[in-house]
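Below, all heavy atoms of this structure are taken into account, side chains as well, without hydrogens, waters or symmetry copies. All chains are named by letter (A, B, ...) in the order of the sequence lines, taking the proteins before the strands, and each is independently numbered beginning at 1.
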Amino acid sequence: EPEVTQTPSHQVTQMGQEVILRCVPISNHLYFYWYRQILGQKVEFLVSFYNNEISEKSEIFDDQFSVERPDGSNFTLKIRSTKLEDSAMYFCASSAGTVNTGELFFGEGSRLTVL
Amino acid sequence: GENVEQHPSTLSVQEGDSAVIKCTYSDSASNYFPWYKQELGKRPQLIIDIRSNVGEKKDQRIAVTLNKTAKHFSLHITETQPEDSAVYFCAASSTGNQFYFGTGTSLTVIP
């Protein structure tokens, strides 16, 4: 069964450093997403991406965040200058289309710890 | 934007009993309501979903009901088993690009 894969599984960084989280969505999917889950809390939407551009983003997704699809398979989330409160599990997800055409498939997550 | 509330936050049931988790939403434009199960340290996985043109959907021991007038939907698990123990999240979406999740329910099934 096809899966969304994410790397790294865990990253520890110093406050103020840049972090790039990588994702390989399911190959025939068209919509890509990043979600964040602070320990013990709900899954929060960050951004959705379609046709090589951001289609929606939340208020959490401020100027320190950016997303990119640098080639045909990878989808990355960059955090420019990490803060302590960025510590969370970051889930990448993909879907085949809109609500009428497919479910959301999540990756295993990348746990970010900012010290 | 959409606001999804979920209750209860924790739920303990005896094995074999039923479990019910309820969610309410605020945006009447929401038309897709998935439920995700997240086992400890793992990714959320879709277990069942319902669309706004349907009132109830069942898949073996799991069922979801939707009341669009009242803007609430519920997950029902019958004949619970220890492997049902997990955190369950409801979600709502109107656009298909942004999913709003509830705060999660930690279900414990006691053998």
Side-chain angles (χ1 to χ4, degrees), chain A residues 1-7 9-10 23-26 29-51 53-61 67 88-111, chain B residues 1-10 21 23-25 27 29-54 57 59 62 64 66 68 73 86-107:
Chain A
E1 186 177 329
E3 287 186 339
V4 176
T5 57
Q6 288 184 242
T7 54
S9 56
H10 189 193
C23 169
V24 179
I26 294 173
H29 283 186
L30 302 176
Y31 291 82
F32 315 121
Y33 312 82
W34 283 101
Y35 285 82
R36 178 181 82 175
Q37 186 178 32
I38 295 170
L39 188 64
Q41 297 186 25
K42 69 173 162 180
V43 176
E44 299 175 292
F45 172 78
L46 293 178
V47 66
S48 61
F49 192 86
Y50 170 72
N51 200 27
E53 60 183 23
I54 291 173
S55 51
E56 283 190 64
K57 60 182 181 178
S58 71
E59 59 268 21
I60 302 170
F61 194 87
V67 288
M89 180 73 89
Y90 288 81
F91 288 103
C92 174
S94 69
S95 71
T98 61
V99 291
N100 293 321
T101 57
E103 72 178 81
L104 209 58
F105 289 82
F106 285 88
E108 292 276 2
S110 293
R111 180 167 297 286
Chain B
E2 174 66 277
N3 180 42
V4 178
E5 295 191 355
Q6 183 172 347
H7 300 280
S9 57
T10 59
I21 303 170
C23 288
T24 61
Y25 62 99
D27 187 354
S30 289
N31 56 13
Y32 176 62
F33 308 92
W35 285 88
Y36 285 83
K37 177 182 179 182
Q38 186 179 27
E39 296 175 6
L40 191 63
K42 297 194 174 179
R43 74 186 86 190
Q45 290 193 295
L46 180 74
I47 54 170
I48 196 167
D49 57 13
I50 192 166
R51 303 182 192 279
S52 61
N53 58 341
V54 175
K57 183 175 177 181
D59 182 5
I62 294 172
V64 58
L66 171 65
K68 283 223 78 179
F73 56 113
V87 178
Y88 291 81
F89 291 96
C90 63
S93 180
S94 59
T95 65
N97 289 329
Q98 180 164 173
F99 290 74
Y100 295 87
F101 283 81
T103 47
T105 296
S106 178
L107 173 65

- Return the minimal non-hydrogen interatomic distance between A:V43 and B:F89, and the atom names on each side. N-CE2, 4.1 Å

- Task: Could you tell me which portion of A:Q37 (side chain, backbone, both or neither) has an atom closer than 4.5 angstrom to a non-hydrogen atom of chain B?
- Result: side chain

- Item | ring pair (Phe, Tyr, Trp, His ring centres under 6.0 Å) against B:F33, all qualifying residues, sequence neighbours excluded | B:Y25, B:F73

- Any residue meeting salt bridge (charged side-chain N to carboxylate O under 4.0 Å, His left out) with A:K57, in chain and number order, not counting sequence neighbours: none

- Which of A:R111, A:K42, A:E44, A:Q6 touches chain B most, by non-hydrogen pairs under 4.5 Å: A:K42

- Message: Does any backbone or side-chain atom of B:Y100 lie under 4.5 Å from a heavy atom of chain A? Answer side chain, backbone, both or neither.
- Response: neither

- Task: Below 4.5 Å from any heavy atom of chain A, which atoms of B:P44 appear? Answer side chain, backbone, both or neither.
- Result: both

- Which atoms of B:Q38 approach chain A - backbone, side chain, both or neither, heavy atom under 4.5 Å: side chain

- Message: Between A:Q41 and chain B, with a heavy-atom cut-off of 4.5 Å, which part of the residue counts as in contact: side chain, backbone, both or neither?
- Response: backbone

- Item | is_close_aromatic(B:F101, A:Y35), centroid dist under 6.0 Å | yes

- Using a 4.5 Å cut-off on heavy atoms from C-beta on, say whether the side chain of B:R43 contacts that of A:M89. no

- Okay, A:F106 and chain B: the region with an atom under 4.5 Å from a heavy atom over there is both

